[in-house]
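Proteins come first, then strands; the chains are lettered A, B, ... in the order of their sequence lines, and each starts at number 1.
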Amino acid sequence: MTGDTNVSAIPVLPQNSLARAWWRHGLSGVLAAVLAVGFLVVPLIPGQFWIYVATEILILGLFAMSFNMLHGYMGQLSFGHAAFFGLGAYATGLLMRFFRPSGGEIGYLEFFLSLLAAPPVAAMGALIVSIFCVRLTGIYFAILTLAFGELLYYIVFSWYSFTKGDDGVQGLLPPPFFQNPVNFYYFTFAVVLAAMLLMWRILESPFGYTLRTLRDNQRRAAFLGINVRLHMSVNFVIAGTFAGIAGALWGPFQRSIAPGLLGWQESGVAVFMALIGGSKFFIGPIVGSAVYTFLQAFVTIYTVYWPLTIGLVILMIVLFAPGGILGLVEGLLERIGKAGAAATEQGDSANKDGTAP
Amino acid sequence: MVLFLLSAGLSLIFGVMNILNFAHATFWLLAGYITVTIYNYLLGYFAPGFYLLIPAVAGATVIMIIVGLVVERFLIRRMYNRELAEQLLLTFALVLILGDVIKLIWGVENRHIFVPVTPVEAFGAFINPYYFFLIGAGLAVAIGLWVFLHRTKYGKIVRAAVYSREMVNALGIRIPLIYAGVFAAGIGIAAFAAGIFSPLLPMALGVDIDIIIQCFAVVVIGGFGSILGTFVASLLVGVVYSFSILLWPDGALAVIFLIVIAVLIWRPWGLFGTELRS
């Protein structure tokens, strides 16, 4: 199973694990601080373009991080995670439509109510899906989540009277204050930051470490008396909820939503981001989101061949940097920082991971 | 039938190599474009007709088998011992890259949809017999695959590799060779399918994205690595899809995914598959 094949890449050894953990968290911490400052000063850049890009990075970053709760921490690959992103987006979008059926500005209270509706809706969806999904692991988990994602996609796609089907929902204007991109950006920043802090708290709790146990060896975890399915299910719902929060922000940001938000290609985006940044790091997916979204914004100025570009980038990452960008950085830091006896062995193993077997 | 031919290759690749190939339908699409190009090229020298399709299909199949071998050798082979996510991501990257390569080569001036497919006109009144030919070809591939897997020495080796990679390797059989062969064969079947269906199905960008999901549905329902299962499941999906369109037009695809979910929960290894890697 996947859990067994990647054991070597995960620091489960008691010795040196402290040092490695410091590097990991240290790297995450430093980067988080740099990113936070970076995101704070983005609006100083002239022009609105980069504010939009930064907002998109934050929203998709939160989405990718919620995916990574399942992948990086629980060791299961969900290929239908966009379903909950889309559910959140549709909950908010349809409520905003409901409050403001035609013309006029939406009130602040209604706007926040619409946003608040998204997490519970996404959580409900995730709860129902999780009941079935946690019975499977590995590739079957991936396919079942994919199937559920596609099912929800086709429901939204086909249910024209309720969701407007392929047309999507347009004209999702936030209240006047948030129509200013800078204000909306800082609002997004605050929400995403709060969500990330909460996520960090959850993942560093005993619950979070139980998830890591499930990732490393489910059978052993079961022998220890851990209720495997319950923990997987709870985590699935939490991850779905965070995806719903990200989805809630998407509608007012893009001013429209479409069924494609639930499809498997959108799920693939989260997988890309997590693996580009480094799924073994807490901060990895948002780094991946920054790279992915920035690259997309940059490349599409010059060429329509964006899929080709990102495809090649992913190919390079998968072939030559399986740990993602942060994995590369960590490998470099380890090689520079620790020439000691204990480090050589680990450096070797990191080396082996870096090049294809 | 096209669903069966595509799914058969996909199922074979997954069953033997344990790699889920997102790019399978994209290879199929690429083969379709190649067939159309060869056919149109030949039109410059010969009178249009059914017989021209034979070299076109053969050419596309051979080209795609070579492409499959190259891709296996340089990309897929590095992935055997990797994590599931990385394998999926690699094939997903291939979807994006090949999709854009198609766009670059065939769709520069008219980027979206429809590369012209002329063969339809060539057949005139012979369109109906062609359907019989397609069904016959599909059946032939199905029976051929089954006979190969169950009645020949090499088929036995391939099936043995499904059960235990290590054991087959220990017996002195070169696993990478088997894998390369299976991958190329899967792509080859897809290319053949694309070729023979090119007179009927217009090759359009983005078709691969839709069809690969249906193929996954077929493979999951039928069971990974089972030719019979794939055959039955593609019939099932086809029939259910047609009837759903009659009864509940909007929900046809939703119904198929409901079946997929039910099968995955009830028998994750599929209706005709055997429980292997639990």
As an exercise, state the distance from CD1 of B:Ile97 to OG1 of A:Thr309, rounded to the nearest 0.5 Å. 9.5 Å
First locate atom CG of B:Leu258, then atom CZ of A:Phe148, and finally report the distance between them rounded to the nearest 0.5 Å. 8.5 Å
Minimum heavy-atom separation for B:Leu264 and A:Leu136, please, with both atom names. O-CD1, 3.9 Å
Grab the two heavy atoms, one from A:Leu275 and one from B:Glu86, that are nearest each other, plus how far apart they are. CD2-CG, 3.8 Å
Minimum heavy-atom separation for B:Ala254 and A:Leu151, please, with both atom names. O-CD1, 3.2 Å
If you count the non-hydrogen atoms of other residues, nucleotides and ligands that lie under 6.0 Å from CZ in A:Arg135, is the total more than 12? no
Just verifying a value: how many Å separate A:Leu319 CG and B:Leu90 CG, rounded to the nearest 0.5 Å? 6.0 Å
Name the option with the most non-hydrogen atom pairs under 4.5 Å to chain A; the candidates are B:Leu20, B:Val220, B:Val255. B:Leu20
For B:Ile256, which atoms come within 4.5 Å of any heavy atom of chain A: side chain, backbone, both, or neither? neither
Just so I understand: if I count every heavy-atom pair under 4.5 Å between each of B:Leu89, B:Leu94, B:Ile265, B:Val263 and chain A, which residue has the most? B:Leu89
Side chain proximity check, A:Tyr305 to B:Leu104, heavy atoms < 4.5 angstrom: yes
May I ask you to check whether A:Tyr153 and B:Phe257 place their ring centers less than 6.0 Å from one another? no
Looking only at heavy atoms, which two atoms of B:Arg78 and A:Phe320 are closest? And how far apart? NH1-CE2, 4.4 Å
What distance separates A:Glu150 CD from B:Phe216 CZ, expressed to the nearest 0.5 Å? 10.5 Å
Heavy-atom distance under 4.5 Å to chain B: side chain of A:Leu77, backbone, both or neither? side chain
A:Leu144 side chain reached by B:Ile261 side chain, heavy atoms, under 4.5 Å: yes
B:Phe92 vs A:Val271, side chain to side chain contact (heavy atoms under 4.5 Å, CB included): CA-CA, chis, key distance, verdict: CA-CA 10 Å; B:Phe92 200 172; A:Val271 186; over 6 Å; no
At a heavy-atom distance under 4.5 Å, which candidate from A:Phe132, A:Phe157, A:Phe272 has the highest pair count against chain B? A:Phe272
Taking the six-membered ring for Trp and the single ring otherwise, decide whether the centroids of B:Phe22 and A:Trp264 are under 6.0 Å apart. yes
Closest non-hydrogen atom pair, A:Pro307 against B:Leu96: O-CB, 3.5 Å
Heavy-atom pair with the smallest gap, counting every atom of A:Gly311 and B:Ala93: O-CB, 3.5 Å
B:Ile19, part contacting chain A, at a heavy-atom distance under 4.5 Å: neither
